[in-house]
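This is a predicted model, so every value here is computed, not measured.
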Amino acid sequence: KRSNPQKTHNMFWRFGLHRSSKIDEILARDTFTLEELLDENDILQECKAEKKELLDYLARDDVMEKLLDYVCTEPAPDMDEKVRFKYPSLASEVLSCASWQIIDALNKPANLARLWGMLNTKAPLHPLLGSFFLKCFTVLAMKKPDETQAYLRASPHIIDRIFEHLETPAIADVLLRICATDSSNGVNVNFQIWLCDEMHVIDRMIEAFASGANATPGLLANLSLLIQDIVFSYRKEMSDREALSSLRTFYARLMTEELVEKLLTFVLAPDAKSTERGLQLVHDLIILPPKGEEEQPYHDFELERHETDIAPILRVVAHHVEALHRVLSTPPSSVPIVTATGDIGVPLGSVRVKALRLLQVLMGTNNEDVFREFERLGTLTVCLDLFFQYPDNNFLHKHVADIINSILTPENHPLFQHLFVGCQLVSRIMTGWAKCAEAETARRGHRLGYMGHLGNIAAKVSELKSETQPLASLLEEPLYLEWEAFVAQQLVPYRRKLTEEIGGPKPVPVLHSPSDDDDDMHNPADQAVASAAYAHYYQQHSYSGNLPEDFGYIDDAEPVDAVNQFGIEGDFGHNDEFQVESHDWTSNATDPAQWQINDGVNGSADPAMPDDEWTERQIEDQSAPVAAPDGSDSDSSSGGLPDSDDDHLAPPSQAMDVPLSPLGAKAVAAMPTRDPFASPARTKLVFGDGDHSSDEEQAAPEADQGGWAHFDEEPQAMDVRAAVSENESSQLASSPPQPIDDSPAAAAVQTDAPEISEA
């Protein structure tokens with residue numbers, strides 16, 4: 001009988017199986033407060049779900065006034081934490097939930113006046129209030145861009161209030177969003193011009209770096225990051241030639257010679273407090289923004305346009321190189337610092353690090369005026385002095401090393417000769433090297449921190465192949481000879497030591513089957529190493545000259561000749577000495593990894609024992625009874641272990657785990673049977689068409705050869721492992737269980753037996 005869907009639906013709601021929202025219960029009451037709604041965890045989800053009853057309540061004027069009071073008013077310190085932190089945070093989230101009903105209510109003049117009135121408070125502004133204000137302004141700028149720009153132009157005092165609170169990072173972001181806001185029809189050029197020409201936004205940012213501006217470190221940091229964002233954002237947007245950026249007006253004003261001149265004058269003044277941030281700002285004006293790993297590199301037209309943009313900046317910087325040189329030469333006013341490595345005296349200081357970073361960027365340009373001023377003032381000499389004066393400052397070492405590399409890399413650099421003649425780079429390298437050696441040999445000595453960069457610089461100098469300015473022509477003959485000796489005796493061994501592998505050479509590949517999915521074995525270089533390893537492995541084993549012609553053949557394939565398989569030279573029938581050459585052992589027909597051959601497969605157990613005597617001892621050991629642990633005799637064929645560690649023969653499946661060839665099967669047919677669980681210490685394989693067995697072996701009755709294979713016809717390809725497993729299973733089923741032999745002799749035999757892999 002089919003159920004009624006309508007009846008099931010009514011039962012679902014009648015019995016309360018649905019999830020009821022507590023907000024619905026609150027809204028259904030006659031009286032409730034805003035705080036009761038804010039206490040509910042799902043209020044934000046309900047707002048984003050556009051719940052009509054809830055949005056109608058929140059959009060009321062009295063409720064909006066309460067929400068804005070939470071956002072714009074800093075609560076008293078003695079109030080409850082819920083009132084101080086939870087309610088203001090939830091109120092800002094509700095106002096910025098991108099609901100059109102709330103946005104329209106927020107955009108009313110009274111509510112906008114209440115929101116922007118927060119900036120009338122005395123600086124510094126609380127960071128939390130700044131973040132709440134940023135959320136509300138962001139949603140207004142995105143949803144109501146035209147109305148927001150019109151409101152700002154009608155209230156110019158708002159820009160003044162923003163500059164008063166730029167020490168708060170969130171308010172600096174507000175100013176950036178104001179500059180980057182587009183109208184609904186695209187870029188509003190008139191609004192950007194109004195900000196630049198009438199409100200003087202960019203000029204007021206630069207004037208904050210003046211020494212008499214009394215700017216705090218937080219304000220300078222925020223302004224530096226704000227200008228960097230404007231510059232980098234514009235340069236990234238202009239990757240497209242036809243792009244029209246809203247920041248174009250501000251970028252063009254920043255790149256004028258007038259404004260850069262004013263900036264450098266402020267930051268390079270002797271008593272300036274903004275030198276560090278100002279040098280960082282000039283550095284950002286010159287460089288291109290770094291690209292991410294997944295981003296495309298800059299195109300040629302972008303590089304050409306960038307060189308055109310920074311040309312005015314470089315012309316201004318060339319006039320301030322002397323002031324930059326003074327910054328490098330003047331240590332900071334600080335007391336000496338004692339560290340774990342010793343007393344470093346007056347520290348280098350972050351200001352001089354920023355100056356070196358700016359010099360590094362200037363070395364990558366092609367401005368001849370800047371290069372001449374370096375050379376005239378000896379600025380590179382000061383850089384090298386600082387390099388060796390502070391041996392533990394790696395930031396300093398990196399910048400100086402990059403400056404030197406930028407001079408050595410291109411051909412005919414204007415400062416190339418000055419670096420070797422005026423700065424005496426070669427002498428300084430050898431002196432610094434000797435100083436490090438002296439520090440290492442001292443008591444509790446250690447390697448100086450600049451040695452890594454110094455070694456790279458020395459290697460770069462030693463590899464110079466300049467035809468126009470060879471190194472020998474720049475140095476005096478005694479100094480050049482000393483440099484050549486230094487390179488041969490110290491630099492070359494040092495560089496060779498750095499290239500050595502800490503863990504030693506690469507391990508030799510393990511013998512394995514090419515059937516394994518090992519991509520490394522498909523590498524020709526790895527195959528060569530593996531072949532050499534295989535050859536060395538088999539040279540360590542004294543094989544008999546009676547090698548088989550083939551250790552097995554592949555289905556539907558002819559047997560492979562032994563000489564072609566293994567690269568072995570010699571007479572296999574009579575000569576025991578042969579050579580194993582490097583060979584590609586990855587062939588499927590002769591994979592050494594599939595061979596389970598015991599160590600020491602010699603022609604006889606004792607080198608001084610003739611083959612006939614060895615065979616006699618073998619037969620005697622095979623027929624000798626073995627004492628069981630209970631004192632009874634146990635024949636070796638019934639699963640017992642031999643009472644000595646003499647050599648015994650093993651079935652072919654234990655000696656070699658490979659398919660047998662016709663010749664190999666014929667050789668196996670002449671071998672006696674032994675217990676499958678007893679692993680021999682050595683195995684003697686008899687190969688060849690001739691009969692090499694002794695008279696006793698030929699006279700042995702056929703009944704004693706139980707378990708041996710007979711091949712009256714031409715043998716076919718067979719799986720020896722399957723046959724042996726079946727044979728062993730039948731023996732185990734027909735033989736009673738034997739006690740375990742714990743005698744020392746049995747333990748010795750088991751210890752001497754090699755392992756046989758599962759494969």
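Panel note: side chain Ser224, backbone Ala221; no donor-acceptor pair is recorded below 3.5 Å. Counting only distance, with no hydrogens or angles, the side chain of Arg235 and the backbone of Ile287 share a donor-acceptor pair below 3.5 Å. No donor-acceptor pair under 3.5 Å is formed between the side chain of Asn107 and the backbone N or O of Ile103. Thr308 places a side-chain N or O within donor-acceptor distance of the main-chain N or O of Glu304, the cut-off being under 3.5 Å. Arg305 places no side-chain N or O within donor-acceptor distance of the main-chain N or O of Phe301, the cut-off being under 3.5 Å. Between the side chain of Ser155 and the main chain of Leu152, no donor-acceptor pair closer than 3.5 Å is present. His319 places a side-chain N or O within 3.5 Å of a backbone atom of Arg315 that can act as its donor or acceptor partner. A donor-acceptor pair under 3.5 Å links the side-chain atoms of Arg326 to the main chain of Leu268, judged by distance alone. Judged purely by atom type and a 3.5 angstrom limit, Ser274 has no side-chain atom pairing as donor or acceptor with the backbone of Val267. Thr409 contributes a side-chain N or O that, together with a main-chain N or O of Asn405, makes up a donor-acceptor pair within less than 3.5 Å.
Close placement of the Tyr70 and Tyr87 rings is indicated, their centers lying within 6.0 Å of each other. The six-membered or imidazole ring of Phe387 lies away from that of His453, with a centre-to-centre distance of 6.0 Å or more. A ring-centre distance under 6.0 Å is not found for Phe395 and Tyr390.
Taken to the nearest 0.5 Å, the CD1 atom of Ile193 stands 13.5 Å off from the CZ atom of Arg253. With rounding to the nearest 0.5 angstrom, the CZ atom of Arg204 is 9.5 Å from the CD1 atom of Ile162. The line from OG1 of Thr168 to CG of Asp173 is 11.0 Å long, rounded to the nearest 0.5 Å. Atoms CZ and OG1, on Phe374 and Thr379 in that order, are 5.5 Å from each other to the nearest 0.5 Å. Here the OH atom belonging to Tyr151 is positioned 5.0 Å from the CD1 atom belonging to Ile158, to the nearest 0.5 angstrom. Atom CG of Leu419 and atom CG of Leu384 lie 7.0 Å apart (nearest 0.5 Å).
Between His165 and Val174, the closest side-chain pair of non-hydrogen atoms is not below 4.5 Å. Between Glu93 and Lys135 there is a side-chain heavy-atom pair separated by less than 4.5 Å. Annotation: side chain of Phe232 is not in contact with side chain of Leu288 (no heavy-atom distance under 4.5 Å). Contact annotation: the side chain of Leu359 approaches that of Leu328 to within less than 4.5 Å [non-hydrogen atoms, C-beta and beyond]. A 4.5 Å side-chain heavy-atom check between Val346 and Pro332 finds at least one atom pair inside the cut-off. Using a 4.5 Å cut-off on side-chain heavy atoms (C-beta onward), Leu115 and Cys136 make contact. The side-chain heavy atoms of Ile159 and Leu195, taken from C-beta on, include a pair separated by under 4.5 Å. In this structure the side chain of Phe133 never reaches within 4.5 angstrom of the side chain of Cys72, judged on heavy atoms.
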Worksheet item: When you look at Glu261 and His320, which way does the side-chain hydrogen bond (donor to acceptor under 3.5 Å, both in side chains) test go after all the steps?
Response: CA-CA 9 Å; Glu261 178 72 31; His320 293 271; 3.0 Å; yes
Discussion item. One pair to check against side chain to side chain contact (heavy atoms under 4.5 Å, CB included): Gln280 and Arg357. What are the steps and the verdict?
Written reply: CA-CA 8 Å; Gln280 176 67 40; Arg357 191 181 182 191; 3.0 Å; yes
Discussion item. Does Tyr57 form a ring pair (Phe, Tyr, Trp, His ring centres under 6.0 Å) with Phe32? I'd like the steps, not just the answer.
Written reply: CA-CA 11 Å; Tyr57 172 79; Phe32 57 90; 4.9 Å; yes
Practice prompt. Test side chain to side chain contact (heavy atoms under 4.5 Å, CB included) on Thr249 and Asp197 and set out the steps.
Written response: CA-CA 10 Å; Thr249 305; Asp197 295 346; 5.8 Å; no
Worksheet item: Step by step, would you call Lys398 with Asp402 a salt bridge (Lys or Arg N to Asp or Glu O under 4.0 Å)?
Response: CA-CA 6 Å; Lys398 179 186 181 302; Asp402 290 341; 2.9 Å; yes
Worksheet item: How far apart are the C-alpha atoms of Ser99 and Glu50, what are their side-chain angles, what is the distance that settles it, and do they pass the side chain to side chain contact (heavy atoms under 4.5 Å, CB included) test?
Response: CA-CA 7 Å; Ser99 172; Glu50 301 286 342; 3.4 Å; yes
Item to complete: Determine, stepwise, if the pair Thr138 / Ser96 fulfils side chain to side chain contact (heavy atoms under 4.5 Å, CB included).
Response: CA-CA 8 Å; Thr138 301; Ser96 60; over 6 Å; no
Discussion item. Run Arg29 and Glu36 through salt bridge (Lys or Arg N to Asp or Glu O under 4.0 Å) and show every step you take.
Written reply: CA-CA 12 Å; Arg29 299 204 305 253; Glu36 292 183 83; 2.5 Å; yes
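Counting all heavy atoms, side chain and backbone alike, Leu95 lies closest to Leu68 at CD1-CD2, 3.8 Å. Listed here is the closest heavy atom pair of Ile102 and Val94: CD1-O, 3.6 Å. Pairing each heavy atom of Asp203 with each of Lys262, the nearest pair is OD2-NZ, 4.4 Å. Scanning both residues, Leu54 and Cys47, for their nearest heavy atoms gives CD2-SG, 3.7 Å. The nearest pair of heavy atoms linking Val370 to Leu314 is CG2-O, 4.1 Å. Of all heavy-atom pairs between Met79 and Arg84, the closest is O-CD, 3.4 Å.
In summary, Asp61 and Lys108 engage in a salt bridge, as defined by a charged side-chain N under 4.0 Å from a carboxylate O. Taking a cutoff of 4.0 Å between a charged side-chain nitrogen and a carboxylate oxygen, Arg372 and Asp369 qualify as a salt bridge. The existence of a salt bridge linking Lys86 and Glu81 is excluded, since no basic side-chain nitrogen approaches an acidic carboxylate oxygen closer than 4.0 Å. Using a cut-off of 4.0 Å between Lys/Arg side-chain N and Asp/Glu carboxylate O, Lys82 and Asp80 are scored as not salt-bridged. Between Lys22 and Asp42 there is no salt bridge, since no side-chain nitrogen of the basic residue lies less than 4.0 Å from a carboxylate oxygen of the acidic one.
Heavy atoms from other residues, nucleotides or ligands lying under 6.0 Å from CD of Gln296 number 12 at most. Around the CD atom of Glu322, the shell of radius 6.0 Å holds no more than 12 heavy atoms that belong to other residues, nucleotides or ligands.
Of the N and O atoms on the side chains of Arg248 and Gln192, not one donor lies less than 3.5 Å from an acceptor on the other residue. If you check the side chains of Glu276 and Ser350, you find a donor sitting under 3.5 Å from an acceptor. Side chains of Gln360 and His283: a donor-acceptor N/O pair is absent below 3.5 angstrom, by distance only. Side-chain contact, Asp56 with Gln101: a donor N or O sits under 3.5 Å from an acceptor N or O. Donor-acceptor pairing under 3.5 Å is lacking for the side chains of Asn222 and Glu167.
A cation-pi arrangement, defined by a distance under 6.0 Å to the six-membered ring centre and an angle within 45 degrees of its axis, is absent between Arg153 and Phe191.
Classified by interplanar angle (parallel below 30°, tilted 30° to 60°, perpendicular above 60°), the ring pair Tyr450/His397 is perpendicular.
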